[in-house]
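Below is one structure; the comments refer to it alone.
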Amino acid sequence: MTSAIKNSLESQQTVRIGFIPLIDCAPFVIAKEKGFFAAEGVPVTLSKEASWASIRDKVTFNILQGAHMLASMPIAASLGVGTLKTAMQTSFTVSHNGNGITVGNILYEELTQYVTQSSDIRNGTALKRYIEERAKHSQPLLRFAVVYPYSSHNYQLRDWLARAGIDPDEEVQIVVIPPVKMIDSLKAGDIDGYCVGEPWNSLAVEAGVGHLLVTGYEIWGSTPEKVFGVNSSWAEQNELTHLAVIRALEKACEWVDHPANQTELLSILSHPDYLNCSVEQLVYGFSAIKPKGKFDWPMEAYQRFSGQEINRPLPSYALWIMGQMHRWHQLPNAATTNLNSMAKQVYRQDIYERASGDHDQEWQWLLSSSQESTWLEDIANGKVRLHPKGILKGFIKSED
């Protein structure tokens with residue numbers, strides 16, 4: 001860093017960055033605790049927030065200058081989906097993967113009665129049969145929980161259900177519950193299952209109160225989960241500071257992913273200022289060790305934090321998320337055009353490249369005019385799907 005840039009950054013006011021106490025806030029915590037922000041000349045204060053709605057609103061009104069966000073949140077805010085329309089952007093992806101769908105013991109035992117082949121529970125076929133049987137007797141809808149209406153958890157759960165022929169809006173009830181309350185809600189019988197990030201799936205299996213059915217990776221492949229999101233106006237007015245924060249987070253992500261740092265990482269995250277829990281509760285979020293149950297996590301589904309293929313923002317993912325919003329009736333009519341433009345405005349590859357110096361690879365993502373005109377309906381009708389290995393492999397078009 002040149003002295004001129006460093007002096008400019010040091011003259012900036014403290015940058016307030018919000019986070020939700022989940023394991024994938026780790027890069028923000030490490031960038032603060034291990035001095036990566038300070039090394040870039042950025043004074044940062046981390047603000048522990050209670051909900052994704054709080055994160056969104058505080059970034060909207062510049063109470064927070066940036067935040068640990070769901071990957072879909074800057075898109076939803078920029079489109080005015082579920083909130084006041086505010087231009088937000090991300091130039092850095094914090095993590096991929098980590099989600100799973102878990103059901104309680106009672107539901108799992110019921111599903112075993114509706115199996116004709118070994119894959120029926122994991123692919124939702126047994127659940128479909130059970131739901132049809134319940135409907136014959138006018139039994140209440142099963143309840144599944146997600147963490148936020150505009151999240152990968154909601155969209156992955158809905159996609160998995162729909163593939164099994166289950167209507168997520170008519171044949172089940174989907175509710176919003178904070179991740180930390182998922183297991184207790186499952187124990188109490190308030191919900192029958194959930195889609196959530198780690199370690200809440202592994203902890204349910206370890207505690208003997210739930211069964212993991214499928215990972216998010218098996219539904220969508222490798223896809224962004226959390227990002228560093230900012231108010232676009234702040235980013236434009238504080239360009240050098242924004243770039244410095246991205247560089248610090250990139251170094252922190254490398255540190256988080258290094259196996260030799262895991263013991264120290266878990267110790268730091270367990271502190272009351274951050275996740276306020278035991279090291280034992282955190283280990284499943286990062287370790288290659290998972291609890292053994294009826295189904296084991298594939299290695300490809302583990303959460304990943306570092307590498308250009310992870311950290312680079314992908315406008316193609318914004319296109320996919322807008323397709324999911326349209327599919328599930330969240331996207332206003334005014335937001336159904338100019339998809340390429342919106343994706344480019346929100347997922348800023350140009351800023352990431354300036355911060356990281358990564359200009360070497362060609363990342364093609366733009367839709368042609370004909371593709372853009374049918375994109376939303378093609379996703380809603382299942383004619384466009386993610387490649388089984390994830391967003392880096394692009395999309396698969398079917399004419400069926």
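Residues take their numbers from the sequence shown, with the count starting at 1.
- Checking side-chain atoms of Asp192 against main-chain N and O of Leu107 turns up no donor-acceptor pair under 3.5 Å.
- Using modelled atom types, no side-chain atom of Lys187 and backbone atom of Val209 make a donor-acceptor pair closer than 3.5 Å.
- Closest approach of Met182 and Val147 over heavy atoms only: CE-CG1, 3.9 Å.
- Side-chain heavy atoms closer than 4.5 Å link hydrophobic residues (I, L, V, M, F, W, Y) into clusters, and following such links, possibly through other members, connects Leu213 to Ile131.
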Trp220/Tyr155 under side chain to side chain contact (heavy atoms under 4.5 Å, CB included): CA gap, chis, key distance, verdict: CA-CA 10 Å; Trp220 280 7; Tyr155 303 138; 3.5 Å; yes

Residue pair Leu392, Leu314: steps toward the side chain to side chain contact (heavy atoms under 4.5 Å, CB included) verdict: CA-CA 8 Å; Leu392 291 171; Leu314 299 172; 3.8 Å; yes

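- Arg56 and Tyr150 share no side-chain donor-acceptor pair at under 3.5 Å.
- To the nearest 0.5 angstrom, Leu142 atom CG is 11.5 Å from Ile174 atom CD1.
- Interatomic distance, CG of Leu331 versus CD of Gln324, reported as 11.5 Å (0.5 Å rounding).
- Summarising the local packing, NE2 of His258 is surrounded by 12 or fewer heavy atoms from other residues, nucleotides or ligands at distances under 6.0 Å.
- Taking hydrophobic clusters as Ile, Leu, Val, Met, Phe, Trp and Tyr residues chained together by side-chain heavy-atom distances below 4.5 Å, Trp255 shares a cluster with Val279.
- At least one donor-acceptor pair closer than 3.5 Å links the side chain of Asn231 to the backbone N or O of Val59.
- One hydrophobic cluster, built from ILVMFWY side chains closer than 4.5 Å, cannot hold both Ile106 and Val175; they sit in different ones.
- Under the 4.5 Å side-chain contact rule for hydrophobic residues, Trp328 and Leu386 share a cluster.
- One N or O on the side chain of Asn340 and one on the backbone of Leu367 form a donor-acceptor pair closer than 3.5 Å.
- When only modelled atom types and interatomic distance are considered, Ser152 and Asn99 share a side-chain donor-acceptor pair under 3.5 Å.
- Within a 6.0 Å sphere centred on CZ of Arg304, heavy atoms belonging to other residues, nucleotides or ligands number 12 at most.
- Note on Lys344 versus Asp350: no salt bridge recorded, every NZ/NE/NH1/NH2 to OD/OE distance being 4.0 Å or above.
- Checking side-chain atoms of Arg385 against main-chain N and O of Ser398 turns up no donor-acceptor pair under 3.5 Å.
- Two residues are said to be in side-chain contact when any heavy atoms from C-beta on lie closer than 4.5 Å; Pro168 and Leu157 fail this criterion.
- Not a single donor-acceptor pair under 3.5 Å links the side chain of Ser78 to the backbone N or O of Ile75.
- Between the side chains of His137 and Glu133, a donor-acceptor pair is found at a separation under 3.5 Å.
- Atoms CG and NE2, from Leu22 and His68 in turn, are 5.5 Å apart once rounded to the nearest 0.5 Å.
- In this structure, Tyr114 and Tyr130 have tilted ring planes: the angle between them lies in the 30° to 60° band.
- The aromatic ring centres of Trp375 and Phe395 sit less than 6.0 Å apart.
- At least one side-chain heavy atom of Pro149 sits under 4.5 Å from a side-chain heavy atom of Val176.
- Between Glu132 and Lys128 there is a salt bridge, since a side-chain N of the basic residue sits under 4.0 Å from a carboxylate O of the acidic one.
- Between the side chain of Thr90 and the backbone N or O of Phe92 there is at least one donor-acceptor pair closer than 3.5 Å.
- You'll find the side chain of Gln89 reaches within 4.5 Å of the side chain of Val230, heavy atoms only.
- A distance of 3.5 Å separates CG in Asp257 from OG in Ser306, rounded to the nearest 0.5 Å.
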Derivation of the side chain to side chain contact (heavy atoms under 4.5 Å, CB included) call for Thr102 and Trp200: CA-CA 9 Å; Thr102 293; Trp200 309 108; over 6 Å; no

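- Relative to the six-membered ring of Tyr194, Lys181 misses at least one condition, a distance below 6.0 Å or an angle of at most 45° to the axis.
- In this structure, Pro315 and Gln349 approach most closely via the heavy-atom pair CD-NE2, 3.4 Å.
- When atom types are taken as modelled, the side chain of Gln117 and the backbone of Asp120 share no donor-acceptor pair closer than 3.5 angstrom.
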Stepwise side chain to side chain contact (heavy atoms under 4.5 Å, CB included) test for Val283 and Leu266: CA-CA 7 Å; Val283 69; Leu266 299 183; 4.2 Å; yes

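- Taking the side chain as every heavy atom from C-beta outward, Arg327 and Arg158 never approach each other to under 4.5 Å.
- Residue Pro199 comes nearest to Tyr284 through the heavy atom pair CB-CB, 4.1 Å, listed as atom of the first residue, atom of the second, then distance.
- Across all non-hydrogen atoms, the minimal contact from Gln156 to Gly216 is OE1-CA, 3.4 Å.
- Note that the OG atom of Ser54 and the CD1 atom of Ile63 stand 8.5 Å from one another [nearest 0.5 Å].
- The side-chain heavy atoms of Leu249 and Val245, taken from C-beta on, include a pair separated by under 4.5 Å.
- For the 3.5 Å distance criterion, the side chains of Tyr352 and Glu250 qualify, holding a donor opposite an acceptor.
- With hydrogens and angles ignored, the 3.5 Å screen pairs no side-chain donor or acceptor of Lys397 with any backbone N or O of Asp378.
- Contact check for His326 versus Glu377: side-chain heavy atoms found under the 4.5 Å cut-off.
- Between His242 and Gln65, the side chains place no donor N or O within less than 3.5 Å of an acceptor N or O (distance only, hydrogens not considered).
- In the hydrophobic clustering of ILVMFWY residues, with side-chain heavy atoms under 4.5 Å counting as a link, Trp160 and Tyr217 come out apart.
- The environment of CG in Leu141 is crowded: more than 12 heavy-atom neighbours from other residues, nucleotides or ligands sit within 6.0 Å.
- One distance of note links CD of Glu218 with CD1 of Ile101; it measures 10.0 Å at 0.5 Å rounding.
- Counted by atom type alone, Ser232 and Glu236 present zero donor-acceptor pairs between their side chains at under 3.5 Å.
- Put simply, the side chain of Glu49 never gets that close to the backbone of Ile20: no donor and acceptor are under 3.5 Å apart.
- No hydrogens or angles considered: a donor-acceptor pair under 3.5 Å links the side chains of His153 and Glu225.
- Scanning all heavy atoms of the two residues, the minimum distance from Ile379 to Leu319 falls at CD1-O, 4.2 Å.
- Looking at every heavy atom in both residues, Gly104 comes nearest to Leu186 through N-CD1, 3.6 Å.
- Between Val103 and Phe144 the shortest side-chain heavy-atom distance falls below 4.5 Å.
- By the 4.5 Å heavy-atom criterion applied to side chains, Tyr302 and Asn97 are not counted as neighbours.
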